[in-house]
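Okay, so here's the structure we're looking at.
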Amino acid sequence: MMEEHLVTIVDFQTTEHRTTFVKLVGYDAESNNKFEGEVKFVGGRPFGDLIHADRSALSASCREYVQTLLIVKYNEGEFK
């Protein structure tokens, strides 16, 4: 049985310019590596090297998992 990707939100902060920064740590089950990083939300969309297709050290499946999880949490209002 393959292990699953794990993500833990460490902290988040919204600036006066309505940009939300989310710090997280996790485990990429595909590459068997722990990771940490930060993603920022601008206009409801996530940005950052951690989830960028060309700059991320995460496996494609983990990058997609992290991005999807963060978008769901953002849309549910967890970062307010």
Side-chain angles (χ1 to χ4, degrees):
M1 180 174 120
M2 184 174 153
E3 292 188 53
E4 295 182 20
H5 304 301
L6 300 173
V7 175
T8 301
I9 306 302
V10 177
D11 195 15
F12 65 89
Q13 181 177 5
T14 301
T15 69
E16 62 207 41
H17 303 291
R18 296 179 21 170
T19 300
T20 301
F21 293 88
V22 181
K23 292 182 183 179
L24 52 105
V25 295
Y27 171 74
D28 184 333
E30 191 172 320
S31 67
N32 193 31
N33 288 314
K34 292 180 180 178
F35 65 87
E36 61 181 89
E38 186 173 80
V39 174
K40 69 178 177 179
F41 279 86
V42 179
R45 296 188 58 214
F47 296 92
D49 288 350
L50 187 68
I51 58 170
H52 190 280
D54 297 329
R55 292 188 285 245
S56 180
L58 301 178
S59 65
S61 65
C62 186
R63 190 179 73 247
E64 186 175 311
Y65 176 82
V66 170
Q67 183 169 337
T68 301
L69 180 73
L70 290 175
I71 289 170
V72 167
K73 287 183 175 293
Y74 182 87
N75 289 336
E76 290 177 346
E78 286 199 32
F79 305 133
K80 294 189 182 214

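Numbering of residues begins at 1 and proceeds along the displayed sequence. This structure is a prediction, so every number in the text was calculated from the model and none was measured.
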Please determine whether residues Y27 and L24 belong to a single hydrophobic cluster, defined as Ile, Leu, Val, Met, Phe, Trp and Tyr linked transitively by side-chain heavy-atom distances below 4.5 Å.
no
Between F79 and F41, how do the two ring planes meet: parallel, tilted or perpendicular, split at 30° and 60°?
tilted
Between CG on residue D49 and CZ on residue R55, distance to nearest 0.5 Å:
4.5 Å
Can you tell me if H5 uses its side chain to pair, donor with acceptor, with the backbone of A29 under 3.5 Å?
yes
Would you confirm whether T19, through its side chain, and T15, through its main-chain N or O, come within 3.5 Å as a donor-acceptor pair?
no
At what distance, to the nearest 0.5 angstrom, does OG of S56 lie from CD of E64?
12.0 Å
With sequence neighbours left out, the residues meeting salt bridge (Lys or Arg N to Asp or Glu O under 4.0 Å) with E78 are K73
Check whether any side-chain heavy atom of I71 sits under 4.5 Å from a side-chain heavy atom of P46, and report yes or no.
yes
Under a 3.5 Å cutoff, is there a donor and acceptor pairing between the side chains of T14 and T20?
yes
Can you check side-chain contact (heavy atoms from CB on, under 4.5 Å) on E30 and C62, steps first, answer last?
CA-CA 7 Å; E30 191 172 320; C62 186; 5.8 Å; no
Taking F21 as the starting point, is it possible to reach I9 by hopping between hydrophobic residues whose side chains are less than 4.5 Å apart?
no
Can a donor-acceptor pair be found, under 3.5 Å and without considering hydrogens, that links the side chain of N33 to the backbone of D28?
no
Between F12 and K80 the two heavy atoms that sit nearest each other are CE1-N, 3.8 Å
Pairwise distance NZ(K40) to CG(L70) - rounded to 0.5 angstrom
14.5 Å
I'd like to know whether CD of E38 has more than 12 heavy-atom contacts from other residues, nucleotides or ligands below 6.0 angstrom.
yes
Tell me, which pairs form a salt bridge (Lys or Arg N to Asp or Glu O under 4.0 Å) where one or both residues lie in residues 8-25, sequence neighbours left out?
none
Could you tell me which non-hydrogen atom of F35 sits nearest to which non-hydrogen atom of L50, and how far apart they are?
CD1-CD1, 4.0 Å
